[in-house]
Each structure stands twice: as C-alpha cells, then as structure tokens.
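The block underneath contains the structure these notes are about, expressed in structure tokens.
Just so you know, these numbers use all the heavy atoms, side chains as well, and skip hydrogens, waters and symmetry mates.
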Amino acid sequence: TRSMICAPLKVRGGSLIGVVQLINKVGKGALAPMSRCRFSLPSADDDGTCFSPDDLNFLQVFAAQAATTVAASTGFFEPARDEIPELLPKEGCGWEPESVCKSSPSMAAEDLLERGFDAWDLDTLKLAELTDDKPLSTLGPFLFEKWGLVQHFGLDGKKLRAFFAELELGYEKALAGEVAYHNRAHGAAVLHGMHALLKHCGLGKRAAGALKEDSQEALADGSGNLETLACLLAAAVHDYEHRGLNNDFLVKTSDERAIRYNDQHVNENHHAAAAFALLQRPEFNFLSVLPKKSFARLRSLVIELVLGTDMARSGTIIESFKQMLPEEPSERGGFSPSNEKEAVLMLQMAMKCSDLGHLALPWEIHLSWVHRLEAEFFAQGDREKALGLPISFLMDRSKPGASETQVGFFDFVVLPLFRLLHRAAPGAAPLLAAVVDNYEAWKQPDMLKAMSTEIEPSAAVDFDPTASASTSIFLDREERADEEPVRKKRSGRARQRAAKFWRGVRARTPSPW
C-alpha cells in the first residue's frame with residue numbers, strides 16, 4: 001500500500017457500521033513511480049498520486065450515501081445505548097470504553113451498592129466520593145434494575161438513566177456544594193431509606209392489596225410493583241431543586257415559588273411539579289410505557305408522598321395514622337391497610353422516616369449529617385440577618401444550633417415517629433434500634449456540654465416550626481421528670497423560665513402524636 005484515506009460508514013444516530021477506504025491513488029499510471037505523499041493542498045510539484053483534502057471530502061460524501069443505502073437494504077437498526085460501549089473521556093484513560101477504563105473507585109462503588117441493597121443503611125456521602133459526586137444517578141437506576149421494575153414494566157433503560165442524570169443536576173453537589181444538607185447525597189439517602197423499608201417490611205405489597213381492594217378499576221395487580229415504583233420515584237425527587245431555604249423564608253421574601261404556590265407547601269409543591277415537568281420531556285420520560293390510568297395512580301401517589309414531607313403536615317399525618325392503627329398488633333405481623341386512605345398514610349409515614357433516615361445511620365455518618373444540617377440552617381440565618389429579617393429558630397450562629405438540640409428533637413419528634421412506624425411494621429425493628437442507639441449517644445454528658453447555655457423566653461418570639469425545612473424542627477432543654485438532669489443544676493427561677501419557654505414553643509407547634 002502506497003497511500004490510503006478512510007471514512008466511516010455511519011447511520012442516523014451515529015452508530016458505526018463499517019469503513020470505506022481508497023488506496024494507491026493513480027496519477028500517471030499504476031506502475032508509474034510515486035513521489036513521497038503528504039496530505040495537503042495540491043502544489044506545483046504534485047504528480048497526482050497523493051490524496052488531497054478534496055479527495056477526502058469526496059470520500060465522506062460517498063460514505064454517507066453508502067451507509068444510507070446499506071442500512072436501508074439490510075434492515076439495519078441502531079443498537080440500544082446500553083448494548084455498545086460508551087466512550088468517555090476520563091482522566092488518565094483517554095478515549096477508552098468505560099468497561100476498559102473502569103477505575104478502582106467504580107468497583108468500590110459497585111461493591112457499596114451491592115452491600116447496600118440488602119442493608120438498612122448506605123453511606124451516600126461515601127457513594128458520592130466514589131462516583132464523582134453522582135450518588136443519585138448511580139443508585140437510582142441500580143435500584144430500579146434490582147427491583148425488576150425495568151423488566152416488569154418494560155421501561156426504557158436509556159431514558160431511565162437520562163432522567164436520573166438530569167434529575168441529579170437539579171440537586172446541589174454533595175461534595176463542596178452550596179447546599180450542605182438538601183443535596184444529591186441526601187436525595188440518594190432518602191431513596192435508599194425508602195428502598196429498605198419497602199424491601200424489609202413489604203410496604204409496597206401491603207399498600208397494593210388495599211389499593212386493589214378499594215379500586216373499582218383493576219389498576220393494581222396486587223404485586224406492589226406500581227406502588228414500589230411510585231415510592232422510589234417520590235423519594236428520588238422529593239427535594240428536587242431545593243435551594244437550602246425553608247418554606248418560611250420563601251414566603252417571607254415573596255419568592256417566585258411562594259407566589260406560584262400561594263404560600264402553601266412551597267418547596268414540596270415545587271419539587272413534585274418540577275420533577276413531573278422533567279418527565280414531560282420525551283428524552284427523559286421513561287414512564288411513557290405505562291397505561292394512562294396506571295400513570296395517573298402513580299402520579300397521585302408520588303404527589304401525596306412528596307407533599308407529606310412538609311413538617312406543616314406532620315401533625316395531621318401522624319395523628320391520623322396513630323388513630324388508624326389497631327390497639328393490638330396484627331397476628332399477621334404488622335398493619336395491613338384496608339383502603340386507599342390507610343395505604344397512603346402508611347406510605348407517607350415510611351417517606352417521613354426515610355427523610356429522617358440519617359438518624360438511623362452509624363454514629364459518625366449521622367453526626368456528619370447533623371453538622372451539614374446545622375451549616376445549612378446557619379447559612380439561611382445569615383441571609384435573614386442580611387435582609388433585616390428575624391432570624392429563624394436554630395439558624396442564629398450566636399445561639400445553640402441543630403447539633404446542640406438533638407436530645408429534644410429525638411424526644412419530641414423522632415422516637416414517637418419511628419416507634420409508630422415500628423408498631424405498624426415490626427420488620428422495621430433494626431431501624432428503630434439504630435435510632436435509639438444514636439439517641440443514647442446524644443444523651444451522654446460529653447454530648448451535652450454545649451447545651452448548658454441558658455435560653456431566655458424572648459428567644460421564642462419568632463419561632464415557627466411548621467415552616468421549617470422537611471428534615472428540621474425543634475427542640476431541646478426541657479427537663480424531664482423521670483430523668484436525672486445531666487447539666488449543671490439551675491435555680492428554681494431559671495427552671496421556671498425554661499419551662500415557660502418550652503410551653504410556649506409547644507403551644508405553637510402542632511402536636512404530631
């Protein structure tokens with residue numbers, strides 16, 4: 001071979017089906033001696049035996065026409081995206097197939113996912129480190145595949161992965177992002193928490209039985225697949241496009257979202273609406289294969305679960321669920337809802353516990369999330385101060401923050417919530433046990449040293465816990481009659497002031513139990 005140029009045969013979509021080449025260009029005859037060729041514009045010394053850019057242009061046009069003809073005559077179809085290796089530019093790898101250039105962190109991420117599938121906990125911050133800060137788009141498709149949802153519903157895997165990739169862009173980065181808590185690692189953590197409850201407690205199938213019994217139309221087959229799909233999707237989108245600001249701040253500042261949703265469940269309404277708007281785009285609508293009535297049921301359930309994460313609804317949801325449960329545990333090993341209302345309430349409870357799932361993580365991981373929440377609260381407090389607004393409870397850097405109020409938070413919110421879920425689903429016992437372990441750790445004296453600062457009653461003036469972010473609220477420092485105080489003993493007048501303060505807080509807070 002003396003000279004050669006090549007052009008790829010590509011069909012619509014970019015798939016490569018072959019190569020066309022020209023060799024040994026002839027100028028003065030096939031046996032004539034050739035000069036040394038360089039691929040360049042023709043020159044005075046050119047003897048016509050070297051390929052030029054014009055030759056290449058001609059070959060590319062020919063290749064395009066040839067590819068079209070070949071594809072039409074052979075019935076060639078473009079392979080699915082997951083059937084061909086994707087070429088990704090990776091540091092230190094160049095343009096290599098991903099399967100060839102898989103680094104050890106990716107293998108570690110796969111191992112973490114596999115172990116997390118059967119476990120109650122998953123360190124999504126670690127997952128973020130192992131996936132180039134892509135914990136949600138890594139975990140989401142993994143769970144949908146492992147649950148068999150892709151196969152059961154015939155979902156488009158390419159669109160599923162594209163949806164989660166785009167969804168994750170709506171969450172702030174977990175590693176050095178601007179939103180410390182409500183970021184993509186939190187979204188992934190809530191998704192895994194919901195998965196764990198569905199898997200270990202069978203909540204999806206329990207809900208499906210009630211929805212099937214309560215429906216006049218056969219939209220649910222009782223398998224729990226549609227309910228599982230809805231629950232996992234709701235968990236994944238529940239804080240989509242969260243900006244690290246609670247509902248109260250958005251309302252007080254007349255934010256565009258507050259105006260749009262009439263000050264009602266502002267964040268939660270936006271999360272759900274924006275996520276479904278994303279699904280409206282054809283390239284992301286992996287649910288397009290669902291029958292219309294099935295999609296309508298899924299959409300309704302997702303909206304109920306996402307809106308239920310607003311703490312302003314906590315009192316109503318938890319009290320309704322408590323009244324719904326029988327006084328004696330079921331012989332079948334847990335509560336089974338009998339109608340749609342009960343099924344939705346049960347799944348809302350699961351969603352709320354998943355949203356607070358870091359409380360059941362191993363101590364060091366839980367502690368890191370508390371610090372992240374405190375940082376996010378203080379950041380909002382800084383903005384409120386700069387705008388001349390009253391600084392919200394737990395958001396003033398000069399006063400005790402979230403990390404110093406955990407015992408009260410567990411006492412008044414967390415333990416009653418998780419105990420109620422455990423009463424309905426005994427399979428959640430490991431989850432409750434992990435929560436209790438962290439509660440006991442917070443009660444240790446060295447954890448309470450920072451809680452000895454006296455709080456004056458005036459601090460309660462601007463406190464509105466119902467407007468706080470979905471995983472926030474309140475409280476600590478109330479003396480309990482059945483526990484020995486671990487702090488320095490205070491005067492009777494100081495205890496009276498503290499008791500008065502907490503009565504005021506509780507009077508303004510809808511009781512969740």
Side-chain angles (χ1 to χ4, degrees), residues 167 170-172 178-179 181-183 186-187 190 230 233-281 295-321 340-341 344-345 347-349 351-352 355-356 376-377 379-381 383-395 413 461-474 505 507-512:
L167 180 74
Y171 282 90
E172 277 289 336
E178 295 184 3
V179 177
Y181 184 88
H182 291 96
N183 52 47
H186 169 69
V190 176
L233 180 60
V237 309
H238 86 284
D239 274 333
Y240 179 55
E241 295 186 340
H242 201 297
R243 301 192 304 225
L245 303 169
N246 67 18
N247 289 339
D248 187 42
F249 181 91
L250 299 179
V251 171
K252 287 191 299 186
T253 57
S254 298
D255 187 86
E256 179 269 337
R257 293 182 183 179
I259 301 300
R260 177 180 301 170
Y261 299 112
N262 300 313
D263 298 347
Q264 301 299 308
H265 315 299
V266 179
N267 271 319
E268 294 73 23
N269 270 310
H270 177 78
H271 302 325
F276 277 106
L278 191 61
L279 275 171
Q280 290 294 310
R281 295 169 58 178
F295 177 78
R297 165 164 285 178
L298 175 140
R299 172 175 160 79
S300 175
L301 184 53
V302 169
I303 292 173
E304 287 287 353
L305 295 181
V306 174
L307 294 187
T309 61
D310 186 354
M311 290 304 297
R313 296 185 62 186
S314 289
T316 301
I317 292 173
I318 298 175
E319 183 62 30
S320 297
F321 190 68
E340 182 174 355
K341 180 180 178 181
V344 170
L345 277 172
L347 295 179
Q348 284 178 323
M349 286 288 295
M351 185 71 170
K352 296 183 76 62
D355 202 13
L356 294 170
E376 185 173 306
F377 280 3
Q380 177 177 317
R383 295 184 65 169
E384 291 171 333
K385 184 177 181 179
L387 292 171
L389 298 172
I391 302 179
S392 300
F393 187 67
L394 297 181
M395 300 187 185
V413 181
V461 173
D462 297 306
F463 172 41
D464 182 2
T466 64
S468 61
S470 64
T471 54
S472 68
I473 64 184
F474 48 137
V505 168
R508 300 182 62 187
T509 305
S511 175

Once you round to the nearest 0.5 Å, how far does [atom1] of [X] lie from [atom2] of [Y]?
{"X": "Leu250", "Y": "Leu245", "atom1": "CG", "atom2": "CG", "answer": "5.5 Å"}
{"X": "Asn246", "Y": "Asp310", "atom1": "CG", "atom2": "CG", "answer": "10.0 Å"}
{"X": "Tyr171", "Y": "Leu167", "atom1": "OH", "atom2": "CG", "answer": "5.5 Å"}
{"X": "Arg383", "Y": "Leu389", "atom1": "CZ", "atom2": "CG", "answer": "10.5 Å"}
{"X": "Lys352", "Y": "Phe321", "atom1": "NZ", "atom2": "CZ", "answer": "12.5 Å"}
{"X": "Thr309", "Y": "His265", "atom1": "OG1", "atom2": "NE2", "answer": "10.0 Å"}

Mutual orientation of the aromatic rings belonging to Phe295 and Phe276 [parallel < 30°, tilted 30-60°, perpendicular > 60°]: perpendicular

If I compare all heavy atoms of [X] with all of [Y], which pair ends up nearest, and what's the gap?
{"X": "Gly244", "Y": "Glu376", "answer": "CA-OE2, 3.4 Å"}
{"X": "Ala275", "Y": "Tyr240", "answer": "N-CD2, 3.7 Å"}
{"X": "Val306", "Y": "Ala234", "answer": "CG2-O, 3.9 Å"}

Report yes if the side chains of [X] and [Y] come closer than 4.5 Å at any heavy-atom pair, otherwise no.
{"X": "Leu233", "Y": "Leu298", "result": "yes"}
{"X": "His271", "Y": "Val237", "result": "no"}
{"X": "Gln380", "Y": "Arg243", "result": "no"}
{"X": "Asn267", "Y": "His242", "result": "yes"}
{"X": "Ile317", "Y": "Met351", "result": "no"}

Atom CD of Glu256 with >12 non-hydrogen neighbours under 6.0 angstrom: yes

Atom NZ of Lys385: over 12 foreign heavy atoms under 6.0 Å: no

Cationic N near anionic O, under 4.0 Å, Glu268 to Arg313: no

Checking [X] side chain against [Y] main chain: does a donor-acceptor pair fall under 3.5 Å?
{"X": "Glu384", "Y": "Ser392", "answer": "yes"}
{"X": "Asn262", "Y": "Gln264", "answer": "no"}
{"X": "Glu304", "Y": "Gln348", "answer": "no"}
{"X": "Asn183", "Y": "Glu172", "answer": "no"}

